Amino acid sequence: MSCGELTTHARMINPGPNPKDAVMNLFADIRLLVLESLDAMVTKGALPGGLAMANVTVEPPRDAAHGDMATNAAMVLAKPAGMKPRDIAAALADILAADPRVISVEVAGPGFLNLRLAPAVWQGVLGQVLQSGPGYGRSDMGAGQKVNVEFVSANPTGPLHVGHTRGAVFGDALASLLDYSGHDVTREYYINDGGAQVDVLARSVYLRYLEALGQEVAFPDGTYPGDYLVPVGAALAKEKGDAWVDQPEDVWLAEVRTYSTDAMMDLIRADLASLGVHMDVFFSEKSLYGTGRIEAALADLENKGLIYEGVLEPPKGKMPDDWEPREQTLFKSTAHGDDVDRPVKKSDGGWTYFAPDIAYHFDKITRGFDALIDVLGADHGGYVKRMKAAVSALSDGAVPLDIKLTQLVKLWKDGQPFKMSKRAGTFVTLRDVIDLVGPDVTRFVMLTRKNDASLDFDFDKVLEQSRDNPVFYVQYAHARVMSVLRRAAEAGIAADAAALKGADLGLITHESELTVARKLAEWPRLVEIAARTNEPHRVAFYLYELAGDFHALWNRGNDLPELRFLQPDDVATSQAKMALASAVCVVISSGLGILGVTPVQEMR
RNA sequence: GGACCGAUAGCUCAGCUGGAUAGAGUACCUGACUACGAAUCAGGGGGUCGGGGGUUCGAAUCCUCCUCGGUCCGCCA
């Protein structure tokens with residue numbers, strides 16, 4: 001029986017988070033204890049009533065030597081209570097010390113309270129992990145809030161490249177994280193099939209069509225010369241024969257455009273699938289035109305007095321060559337935090353790109369989402385304020401929009417930078433990356449960096465098997481657990497889910513073992529922080545730390561045989577230790593699940 | 001000219017939305033193999049958190065002004 005089987009089994013019994021028994025966050029429990037103790041002080045008159053407790057935190061101290069948990073309660077309350085922090089701390093310490101979970105309380109520094117918890121608490125954490133399986137760390141924090149995560153949304157003009165890959169991985173992991181923390185998540189892709197770039201695509205495909213019929217063609221500037229359009233042109237030639245040869249654009253453009261964008265979306269869907277990304281909704285920009293939906297969204301803004309005819313100030317400094325003052329239809333985005341108002345109509349009367357985007361977000365709002373998240377490339381940075389302004393205006397401030405920008409990915413191979421250029425048709429594609437290193441490595445590596453910092457992706461380094469490579473290091477820890485469980489089976493020691501749930505966890509007492517349990521106790525809290533900040537990279541870093549604690553314990557078994565997971569002639573102790581290993585395995589599996597990475601059974 | 005994002009150990013990066021003596025990895029020294037393998041672990045040295053000012057019990061974190069990189073800037077999406 002493996003951890004993988006264990007979790008699969010548990011998932012069958014318990015298909016989702018169950019808020020009733022989903023407490024499981026030890027830090028939240030202890031914070032509750034602190035708050036209750038403060039109440040008791042108020043009752044006794046040792047503290048004035050009516051104090052705001054929102055800033056009282058219980059956290060793991062930065063330095064483990066300070067204890068297991070630290071609270072800032074005394075310092076936060078000192079000023080409003082008109083008391084000295086250390087006095088509050090001392091009184092609070094007395095009350096906390098009476099709790100059976102607490103074995104020592106110390107006042108430290110300016111008024112921190114450092115708590116040490118009984119081994120039984122940490123043993124209890126292990127029991128919770130095994131009981132809850134993949135449910136351990138899931139929370140109802142999101143309270144079923146409907147969240148829309150829009151990501152990738154690449155123009156349907158070619159295969160996805162590396163920049164899109166980062167957005168795809170980030171968006172997908174963020175969506176999983178939000179799901180894991182109790183949100184009702186929709187993954188969505190906005191297809192930009194309504195603008196001029198799909199006409200360019202259609203003309204490019206038309207050239208490939210002529211080429212397939214034997215003509216010599218050249219690709220002028222402003223067309224897409226990439227090879228990926230060759231089969232599209234060929235398919236078109238097969239279907240239509242020479243019907244469109246020497247015909248003007250108005251004969252074939254619309255049909256080729258539809259045909260081509262469909263073909264590109266098939267390509268993009270396949271690219272995403274190779275990364276393990278699956279969208280719930282593909283939303284077509286084109287569906288907004290000629291249907292009154294753009295007009296409806298702008299009418300909503302107009303009713304709020306936010307649409308007017310006016311002339312924008314010329315940009316200061318760098319002046320466009322052909323600048324001339326021009327009266328335009330403008331959205332008063334400055335009323336919602338933007339720097340300048342934004343045009344929604346071009347001088348020829350057509351919509352600017354911003355108009356359908358407003359309508360699209362209006363549509364999301366009317367679909368009833370409680371929160372919106374857009375994942376965009378760094379080149380859309382200038383777009384954030386106006387979109388937030390639009391959503392704020394359309395929803396009367398009721399629906400928050402968070403825009404996460406993913407910064408550039410710099411590719412390295414053999415010590416040389418890889419360049420990409422979409423125009424030249426020589427960009428490095430998502431498929432190139434997957435073929436070289438596989439989806440698991442791609443995903444994990446792209447999540448080991450904050451989204452708003454640029455990322456170096458070194459093809460050689462990400463495949464390296466060393467501690468320097470977090471993908472390997474975390475997978476290795478998982479594989480080691482698998483190995484122990486396999487060996488237990490060979491030795492005839494029961495290590496199935498039922499046996500481990502019944503193990504006597506009181507046998508887990510060594511400091512190295514408890515360190516691992518402490519790290520496991522942090523998981524639910526970590527998930528909440530990561531979900532609150534929309535930062536899935538925190539999960540990747542946590543897993544790396546957990547793996548580190550586990551490897552440390554493992555290797556101490558070299559010096560101290562009593563720390564080895566399998567104890568000959570002592571089934572009970574072996575099972576307790578394997579319960580610990582399995583708990584590590586469960587959390588690694590859950591964490592990797594959020595990142596979209598498959599845990600390995602053994603290293604090759 | 002303006003907007004947004006970065007800047008933390010020689011190098012690559014974390015840092016819990018304001019907490020204690022700022023942490024990992026790598027590299028460099030010193031040690032350790034009966035399990036998934038030394039592909040790992042234990043220990044050591046290594047810092048003006050880009051710079052200046054401010055806010056307060058307390059700042060890498062918040063506000064402000066600079067410096068250097070990146071992205072972008074009305075009829076392209």
Side-chain angles (χ1 to χ4, degrees), chain A residues 55 57 59-63 65-66 70 72 75-76 78-79 84-85 108-112 114 153 155 157 192 194-198 200 285 311-320 322-326 328 330 338-343 345-350 352-354 356-357 377-385 405 407-408 448-454 456 458 461 464-470 472-473 476-477 479-484 486-487 522 525-526 528-530 532-533 535 537-538 540-541 544-545 548 551-559 561 564-566 602-603:
Chain A
N55 291 331
T57 61
E59 304 181 326
R62 204 165 267 177
D63 185 346
H66 290 140
N72 63 352
M75 286 179 297
V76 174
K79 199 169 193 178
K84 288 181 185 163
F112 282 102
N114 292 329
S153 298
N155 287 342
T157 55
N192 288 109
Q197 77 283 357
V198 285
V200 173
E285 177 194 359
V311 180
L312 286 176
E313 292 287 310
K316 298 185 175 68
K318 198 195 85 179
M319 173 77 83
D322 57 349
W323 174 269
E324 53 186 47
R326 179 184 300 127
Q328 291 172 294
L330 298 168
D338 202 356
D339 303 314
V340 291
D341 292 339
R342 305 291 177 175
K345 269 190 185 174
K346 298 189 278 194
S347 55
D348 66 3
T352 64
Y353 67 87
F354 187 38
D357 283 346
D379 53 343
H380 290 70
Y383 171 86
V384 170
K385 282 187 182 176
L405 299 178
Q407 292 291 331
L408 299 186
T448 52
R449 195 86 163 88
K450 286 180 296 205
N451 62 285
D452 47 12
S454 62
D456 283 347
D458 186 326
K461 197 163 180 182
E464 194 178 285
Q465 298 204 335
S466 75
R467 181 162 191 176
D468 194 21
N469 179 3
F472 161 77
Y473 192 70
Y476 188 22
R480 276 183 151 168
V481 175
M482 292 296 111
S483 171
V484 166
R486 281 195 300 270
R487 279 174 189 271
E522 287 179 29
R525 181 171 179 273
L526 184 282
E528 290 202 1
I529 293 167
R532 192 174 64 233
T533 53
E535 293 180 336
H537 76 274
R538 292 177 189 269
F541 281 94
Y544 183 73
E545 289 167 12
H551 286 306
L553 169 62
W554 179 284
N555 264 66
R556 295 213 62 181
N558 290 332
D559 298 330
R564 296 182 189 175
F565 289 93
L566 292 181
E602 55 188 338
M603 306 304 293

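From a predicted model like this one, the values you see are computed outputs, not experimental measurements. Reminder, nothing fancy here: chain letters follow the sequence lines and each chain counts from 1.
- In this model, a side-chain donor or acceptor of A:R525 finds a partner on the base of B:C16 within 3.5 Å.
- In this structure, the OH atom of A:Y383 is 16 Å from the P atom of B:C76, given to the nearest Å.
- Taking atom P in both B:U8 and B:G15, the straight-line distance is 14 Å, to the nearest Å.
- Within 4.0 Å (heavy atoms only), A:K461 reaches no atom of the nucleic acid at all.
- The nucleotide B:U61 finds no pairing partner, because no Watson-Crick or G-U wobble arrangement with both distances shorter than 3.5 Å includes it.
- For the P atoms, the distance from B:C4 to B:A42 is 44 Å, rounded to whole Å.
- Residue A:A479 is the one, among A:R556 and A:A479, whose nearest nucleotide of RNA chain B lies closer to the 5' end (criterion: closest heavy atom).
- Between A:K79 and B:U56 there is no side-chain N or O to OP1 or OP2 distance below 4.0 Å.
- Base engagement by A:G557 is indicated by at least one non-hydrogen atom pair under 4.0 Å involving a base atom.
- Across all strands shown, B:G31 forms a Watson-Crick or G-U wobble pair, both distances under 3.5 Å, with B:C41.
- Within the nucleic acid shown, A:F112 comes within 4.0 Å of at least one base atom, counting heavy atoms only.
- Looking at heavy-atom distances under 4.0 Å, A:S466 makes contact with sugar-phosphate atoms alone, never a base.
- Both distances falling under 3.5 Å, in either a Watson-Crick or a G-U wobble arrangement, occur for no nucleotide opposite B:U48.
- Rounded to a whole angstrom, the distance from the C1' atom of B:A59 to that of B:C63 is 12 Å.
- Closest-nucleotide positions on RNA chain B for A:M75 and A:G194 were compared, and the one nearer the 5' end corresponds to A:M75.
- Within the nucleic acid shown, A:E285 comes within 4.0 Å of sugar-phosphate atoms alone, with no base atom in reach, counting heavy atoms only.
- Checking B:U21 for Watson-Crick or G-U wobble geometry (two distances, each under 3.5 Å) identifies no partner in any strand.
- Aromatic ring orientation, A:Y476 versus A:H551: tilted (interplanar angle from 30° to 60°).
- Residue A:R467 places at least one side-chain N or O closer than 4.0 Å to OP1 or OP2 of B:C41.
- Residue contacts shown for A:G381 are absent, as no nucleic acid heavy atom lies under 4.0 Å away.
- Proximity of A:R532 to the phosphate of B:U17: a side-chain N or O atom is located under 4.0 Å from OP1 or OP2.
- Nucleic acid contact for A:Y544: sugar-phosphate only, since backbone atoms but no base atoms lie under 4.0 Å from a heavy atom of the residue.
- Residue A:A552 is in sugar-phosphate contact alone, with no base atom involved, counting any heavy-atom pair closer than 4.0 Å across all strands shown.
- Between A:Y476 and the phosphate of B:A35, there is no side-chain N or O to OP1/OP2 separation shorter than 4.0 Å.
- Partner assigned to B:U71 is B:A3, using Watson-Crick or G-U wobble distances below 3.5 angstrom.
- No contact: A:N469 has no heavy atom under 4.0 Å from any strand.
- Distance check on atom P: B:U56 versus B:U61 gives 16 Å, rounded to whole Å.
- Residue A:H537 is classed as a sugar-phosphate contact, given heavy-atom separations below 4.0 Å to backbone atoms only.
- Evaluation of atom-type donor-acceptor distances gives no pair under 3.5 Å for the side chain of A:N555 against the base of B:A42.
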